[in-house]
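Quantities reported herein were computed from a predicted structural model and do not represent experimental measurements. Each ligand, and each atom within it, is numbered from 1 in the order the structure gives. Excluded from the calculations below are hydrogen atoms, water molecules and symmetry mates; all remaining heavy atoms, backbone and side chain alike, are included.
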Amino acid sequence: MADSKGLVLVVEDERAIADLVRLYLAREGFGVHVESDGLAGLAAARRLHPVAIVLDVGLPSLDGTELCRRLRADDDWTPVLFVTARDDEIDRVLGLELGADDYVTKPFSPRELVARVKTVLRRTRPAERGGPPLVLGAVSLDPDRRRAWVEGAEVDLTTTEFDLLAFLLRRPGRVYPREHLLSEVWGYAAAAGTRTVDVHVAQLRAKLGPASPIRTVRGVGYSADSR
Ligand code: CA
């Protein structure tokens with residue numbers, strides 16, 4: 001059972017999709033546990049401590065967004081890759097500050113889903129990310145421990161929020177187009193849509209409050225500046 005790449009929890013009620021995802025993840029060396037309804041998925045997440053969760057939004061007994069909300073309420077920040085079936089589900093996933101790390105839309109290629117899972121994990125693997133503390137104005141980050149503070153008070157950031165902020169703080173003053181951020185921070189080109197970047201910036205600003213160093217450069221993108 002021991003698996004160097006770790007266990008991925010797949011919560012998906014469409015059997016054919018779940019089987020396909022299981023097959024592709026297993027082929028890449030992941031352990032895979034599948035649940036087909038929301039409450040069982042939540043229990044499995046708490047019991048198994050997976051390295052990542054592939055989470056369908058439309059599920060019996062407990063919807064995927066609610067499952068994620070309950071995990072986050074427990075301070076569980078396991079990376080979540082949402083599987084959405086419709087545009088309105090994407091809006092719900094992105095709009096609710098659930099700490100979604102990424103999403104794919106049905107129908108998706110299992111190969112692409114596996115690539116996304118690996119990207120999320122690469123970003124959450126400390127050895128490949130760490131580095132010295134980053135400080136700008138009132139905001140400080142510890143990349144090794146993946147912790148963030150504003151004016152000395154710790155702030156909970158999702159994996160993606162942390163990576164985005166760390167990326168901007170590493171090169172203060174430099175302005176990055178959204179497409180560039182999408183490729184650097186999310187690890188793939190603009191296919192997911194640049195509004196993903198805007199949504200995560202908005203969430204970061206909400207968490208950092210007035211001390212947020214993120215500046216919008218109209219018509220270009222974002223930068224981090226001390227003020
Ligand atoms: Ca479903």
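Residues Y222 and V217 fail the side-chain proximity criterion, which asks for heavy atoms closer than 4.5 Å.
Counting all heavy atoms, side chain and backbone alike, L42 lies closest to L67 at N-CD1, 3.7 Å.
Figure legend: cation-pi geometry between R171 and F167, with NZ or CZ positioned under 6.0 Å from the six-membered ring centre and within 45° of its axis.
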Candidate pair V150 and V139, rule side-chain contact (heavy atoms from CB on, under 4.5 Å), full reasoning: CA-CA 5 Å; V150 176; V139 175; 4.3 Å; yes
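The set of protein atoms (N, O or S) found at less than 3.0 Å from the Ca ion (ligand 1) reads D13 OD1, D56 OD2, G58 O, by chain and number.
The environment of CZ in R47 is crowded: more than 12 heavy-atom neighbours from other residues, nucleotides or ligands sit within 6.0 Å.
A distance-only check finds a donor-acceptor pair linking the side chain of E12 to the backbone of E14 [under 3.5 Å].
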